[in-house]
Number of protein chains: 2
Amino acid sequence: MRAAQKNIQEVVDSRPTRLRVLDAAIRLFVHKGYFNTPIQDIVQESGVSIGSIYHYFGDKEGIAKALYVTYIDRMSREMADINVRHTALRERSRAVIKLLFQLTEQEPEAIAFMLGAKLQEFLPDETPVCSAKPFELMRNMVKEGMASGEIRELSLMVAVSSLFGGALRMIHHRIEGRIKEPLYRHEKEVWECAWRAVAKS
Amino acid sequence: MRAAQKNIQEVVDSRPTRLRVLDAAIRLFVHKGYFNTPIQDIVQESGVSIGSIYHYFGDKEGIAKALYVTYIDRMSREMADINVRHTALRERSRAVIKLLFQLTEQEPEAIAFMLGAKLQEFLPDETPVCSAKPFELMRNMVKEGMASGEIRELSLMVAVSSLFGGALRMIHHRIEGRIKEPLYRHEKEVWECAWRAVAKS
DNA sequence: GTCTATACGACGATAGAC
DNA sequence: GTCTATCGTCGTATAGAC
């Protein structure tokens with residue numbers, strides 16, 4: 001009980017200073033890159049002293065790790081929600097793309113950090129994002145959809161890549177500024193293309 | 001004339017030492033990351049002294065830049081070749097996917113460096129890969145295919161992302177080890193999914 | 001918990017002989 | 001062109017007062 005509370009507190013602790021650091025850090029990591037961001041920049045951007053930062057996070061990697069677990073956790077819960085609210089892959093895949101596009105517009109830094117950066121270079125002990133729970137849930141959706149005959153019989157990875165690859169490319173283009181307008185304007189079109197790729201007939 | 005020769009020499013110069021350095025560098029950059037690779041590691045891996053490395057490349061960034069221009073140049077030529085050999089988007093897109101899959105199998109480090117790394121973090125002055133010539137050629141193929149009525153009318157970026165997004169995802173999965181078998185085994189399936197996504201009817 | 005000041009190590013880059 | 005030896009800086013992390 002006490003251990004569980006402690007774990008929860010470690011992840012979702014919302015004390016101002018800690019949040020101020022994480023907020024500054026993700027912005028800097030995304031815009032300049034992890035290795036191009038000295039702690040000193042985080043000190044300036046957050047207004048928190050270097051002593052406090054090390055007090056909370058132990059080392060620089062600890063800051064990145066805190067961001068990683070926060071967002072993996074959140075994405076996992078949202079993916080699990082989708083699985084509960086919908087039963088067919090048709091609706092599930094649509095909801096996944098909608099969710100990812102929404103996140104990209106509402107919190108571009110979070111998505112850029114999770115999908116854009118090569119996290120393994122500075123978080124060597126964490127599971128790579130595309131092997132982690134949210135993506136695992138997406139693969140399972142597709143697996144079920146194929147088993148139930150909702151989509152064609154394909155290699156699993158081909159089906160997953162074909163169904164979500166287009167949306168993920170759009171997100172990359174949006175993050176890197178090659179798409180100017182909000183992604184939700186393309187949501188329907190992107191999903192329709194994706195669905196045609198794997199649908200029966 | 002002489003200037004042209006000098007330019008060519010700067011790009012494709014194949015003196016053993018220079019190549020040994022580039023060969024060692026791309027392996028280290030891909031497997032450990034640019035920022036996790038001290039010059040000293042390149043010295044060891046290549047067997048070339050640090051003095052010679054600086055003689056040829058000026059600084060560390062110069063090594064990465066040499067790799068970048070080499071591969072952009074090569075990919076551009078191969079994409080242009082595809083444009084010459086085929087006229088319809090149907091065949092062109094198929095050839096592009098085949099080419100990318102082949103490169104991934106034959107020179108995984110080159111593809112991982114160009115598509116996997118976030119080059120802008122250490123090559124801030126170079127055009128991001130997805131805005132550079134090879135990808136520009138891919139976008140033009142799609143543009144022409146849409147103008148000639150070969151595929152449905154879609155936003156250009158949606159069409160491009162849908163047509164090549166699946167293949168690019170497969171490449172990422174292959175590079176990161178989530179796909180064990182060679183990509184050419186999935187080539188036909190991947191292209192068929194991609195084509196269904198954008199094809200008419 | 002928060003801060004300032006400082007120690008320490010690593011890495012990029014240069015000098016200069018051969 | 002190639003090498004060895006060396007320098008200077010920057011950035012992580014710690015010490016220790018408040």
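We name chains A, B, ... by the order of the sequence lines, and we start the count at 1 in each one.
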Taking only residues at least two apart or on different chains, which pairs with a member in residues 169-182 of chain A satisfy side chain to side chain donor-acceptor pair (under 3.5 Å)?
Glu105(A)-Arg174(A), His173(A)-Arg178(A), Glu176(A)-Arg178(A), Arg178(A)-Ser131(B), Glu181(A)-His186(A)
Nucleotide [N], atom [atom2] - distance to [atom1] of [X] in whole Å:
{"X": "Phe122(A)", "N": "dG11(D)", "atom1": "CZ", "atom2": "C1'", "answer": "17 Å"}
{"X": "Gln40(B)", "N": "dC3(D)", "atom1": "CD", "atom2": "P", "answer": "12 Å"}
{"X": "Ile53(B)", "N": "dC11(C)", "atom1": "CD1", "atom2": "P", "answer": "15 Å"}
{"X": "Tyr56(A)", "N": "dA13(D)", "atom1": "OH", "atom2": "P", "answer": "19 Å"}
{"X": "Gln44(B)", "N": "dC11(C)", "atom1": "CD", "atom2": "P", "answer": "12 Å"}
{"X": "Leu28(A)", "N": "dG11(D)", "atom1": "CG", "atom2": "C1'", "answer": "15 Å"}
{"X": "Asn36(A)", "N": "dG12(C)", "atom1": "CG", "atom2": "P", "answer": "13 Å"}

Of all residues at least two apart in sequence or in a different chain, which pass the ring-ring contact (aromatic ring centres under 6.0 Å, His included) check with Phe35(B)?
Phe35(A)
Which residues pass the side-chain hydrogen bond (donor to acceptor under 3.5 Å, both in side chains) test with Glu121(B), sequence neighbours left out?
Lys118(B)
Non-neighbouring partners of Glu153(A) that pass side-chain hydrogen bond (donor to acceptor under 3.5 Å, both in side chains), sequence neighbours left out:
none
With a 4.0 Å limit, can you tell me whether [X] has a side-chain N or O closer than that to the phosphate oxygens OP1/OP2 of [N]?
{"X": "Ser49(B)", "N": "dT4(D)", "value": "no"}
{"X": "His55(B)", "N": "dT2(D)", "value": "no"}
{"X": "Thr17(B)", "N": "dG1(D)", "value": "no"}

Nearest to side-chain heavy atoms of Ser52(B), which nucleotide of dT12(D), dC3(D), dC11(C):
dC3(D)
Could you list all N or O pairs between the protein and nucleotides 13-15 of chain C that sit under 3.5 Å apart?
| from | atom 1 | to | atom 2 | distance (Å) |
| --- | --- | --- | --- | --- |
| dA13(C) | OP2 | Tyr54(B) | OH | 3.3 |
| dA13(C) | OP2 | Lys60(B) | N | 3.2 |

Under the 6.0 Å and 45° cation-pi test, does Lys60(B) pair with Tyr54(B)?
no
Test: Glu150(A) and Arg90(A) ion pair at under 4.0 Å:
no
Going by the rule side chain to side chain contact (heavy atoms under 4.5 Å, CB included), which residues pair with Arg94(B) if we only count those two or more places apart in sequence or in a different chain?
Lys188(B), Trp191(B)
